[in-house]
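Reviewing the structure listed below.
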Amino acid sequence: MNKNQNNNMNTSRREFLEKVAILGTGVAVGIPNFSFANDGKPAILGGAKSHSGNFSSWPIFTELEEQGLTGVLKSGQWGRLGGTVMSQFESEYAKLWGAKHCLGVSSGTSALYTIFGALDVGPGDEVIMPVYTFIATYNVAVLNYALPIFVDTDIESFQIDSTKVESAITKQTKVLMPVHIGGSPANIDHLLEISQKHKIPLIEDACQAHLAEWKGKKVGNYGLAGAFSFQASKNLNCAEGGAIITNDANFSKTCYGFHNQGQGGSTTSFGTGSGTRGTNLRLTEFQGSLLLAQMSRLQEQASRRDENAKYLNKLLKEIGGVEPAKLYDGTTRSAYHLYMFRYFKEQFAGLSRDKFIEALQAEGIPCAAGYGQMNKDEYVTSLAKNQHYVKIYGEKTMKEWLERNACPQNDKLTTEQSVWFFQNMLLGSRDDMDKIGLAIKKIKKHASAIAKL
Ligand SMILES: *Cc1c(COP(=O)(O)O)cnc(C)c1O
């Protein structure tokens with residue numbers, strides 16, 4: 001989710017503390033802090049709002065975070081080298097994930113960057129990724145002067161269309177990097193089969209997918225490594241941070257070295273390193289303490305999101321014209337970092353998706369269109385003229401690259417259909433979900449009047 005969206009979620013300090021207390025005890029209670037007059041008229045047409053706009057605050061914290069931070073402060077051991085808090089977090093995170101190894105790093109982007117460093121991804125290599133993702137996925141390939149190859153979106157699931165992956169593979173393909181977008185698993189079985197058949201390592205960008213599961217096993221465990229983000233908007237939050245999980249001991253060591261200036265050990269070394277390329281992407285003990293505290297509520301929050309999402313799925317299906325993103329059969333749990341659904345204007349009297357979003361926001365329901373056409377973004381297409389890329393790949397290859405990157409299904413999804421709700425909204429009560437449903441119903445009923453605005 002966009003980092004600015006947190007701004008819409010500000011509540012008064014009192015309300016905030018109330019909600020923290022409620023979530024801290026794990027009891028779901030709605031907070032009736034506004035009057036609701038259901039005159040049936042949408043807010044965009046002058047009626048009453050369906051919701052106050054105050055969903056659960058984010059982040060959620062108690063004295064536990066305060067104690068953790070103070071403890072690190074007083075210990076004087078603020079960095080991970082020589083400290084114990086980050087290592088404790090890493091072993092608990094690995095245990096929770098059922099993974100053999102975990103390495104904390106400075107961000108989700110750093111996690112992917114470390115994985116790419118450990119794999120020695122470089123100029124001339126191609127990286128296969130979904131077009132429907134956060135820009136960091138793309139940036140990591142470009143930072144290594146590798147060629148990002150976009151695969152079109154499965155319009156029903158919003159995930160990478162695994163049936164289009166094989167035709168994107170060439171002799172240069174170095175990494176297959178699906179993203180579990182919105183926190184819902186991509187089609188892991190199919191992707192794994194392709195990865196094994198072509199002997200191309202599978203790297204899961206699971207930055208949004210904390211606790212998501214495929215056939216009962218946590219995502220991030222399926223390929224060579226999985227990357228997670230603890231950036232402020234993510235379901236596990238320490239302001240900025242990330243982690244890599246892997247079940248390969250050697251790969252884990254190489255990742256550690258890369259994130260620690262090529263030094264393998266756990267202390268500062270003034271030697272010349274262990275021979276791997278490297279940089280400094282270490283996380284601090286402060287963030288480790290925040291993560292340990294935040295992790296104590298992760299499972300309960302995940303269950304609440306899951307329950308509310310399932311309820312919302314039912315409401316949307318009843319309303320019609322709004323279709324929750326499909327989960328693949330192997331999915332045993334989505335992390336619901338985003339609640340993604342498709343909007344069909346034909347069933348809303350031709351009201352455009354963008355107008356629908358405007359009307360829903362007016363109801364006090366935060367929502368967004370989400371990611372766009374990354375392959376057509378000037379930021380991305382200008383790569384074809386980048387001097388280093390032209391030197392490495394040649395002008396002809398870069399021109400062809402622009403054509404290879406066509407993603408018609410993604411074009412349709414992102415310009416006409418996609419709508420997002422955010423993870424914190426799913427931490428609310430059943431009543432919050434009912435009000436979302438009510439808002440959509442009102443808009444549907446008055447769609448032709450709204451379309452004329
Ligand atoms: C958030 C995110 C990242 C990057 O994580 P940061 O911690 O913000 O660097 C990468 N990929 C996806 C899909 C993300 O959502």
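Keep in mind that the numbers below use all heavy atoms, side chains included, and drop hydrogens, waters and symmetry copies. Start at 1 and go down the list; that is how both ligands and their atoms are numbered.
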Contact check: [X] vs ligand 1, nitrogen or oxygen atoms, below 3.5 angstrom:
X: Y371; value: no
X: S229; value: yes
X: S110; value: no

Ligand-residue contact atoms, ligand 1 with [X], heavy atoms, under 4.0 Å:
X: Q231; result: 7 (O), 8 (O)
X: T137; result: 11 (N)
X: A136; result: 3 (C), 4 (C), 10 (C)
X: T133; result: 13 (C)
X: S107; result: 7 (O), 9 (O)
X: G241; result: 7 (O)
X: V179; result: 13 (C)

*Pick from C238, C207, G108: the one approaching atom 3 (C) of ligand 1 most closely through a non-hydrogen atom*: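 Among C238, C207, G108, the closest heavy atom to atom 3 (C) of ligand 1 comes from C207.
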Decide if the gap between the ring center of [X] and the ring center of [Y] is smaller than 6.0 angstrom.
X: F228; Y: W97; result: yes
X: H210; Y: F230; result: yes
X: F421; Y: F55; result: no

*Q294 versus E65: any side-chain heavy-atom pair under 4.5 Å?*
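Of all side-chain heavy-atom pairs linking E65 with Q294, at least one is under 4.5 Å.
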Do [X] and [Y] have a side chain donor and acceptor closer than 3.5 Å?
X: Y132; Y: T414; value: no
X: T415; Y: R353; value: no
X: Y336; Y: N308; value: no

*asked:* Does only the side chain of K234 get under 4.0 Å from ligand 1, or the backbone, or both, or neither? Count heavy atoms.
replied: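 Looking at K234 and ligand 1, just side chain atoms fall under 4.0 Å.
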*How does T109 reach ligand 1, by side chain, by backbone, by both or by neither, if only non-hydrogen atoms under 4.0 Å count?*
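Within the 4.0 Å criterion, T109 contacts ligand 1 through backbone and side-chain atoms alike.
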*Before accepting this row, confirm whether a basic side-chain N of the pair K310/D306 lies closer than 4.0 Å to the acidic partner's carboxylate O.*
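D306 and K310: salt-bridged.
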*Which of parallel (below 30°), tilted (30 to 60°) and perpendicular (above 60°) describes F134 and Y371?*
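Tilted.
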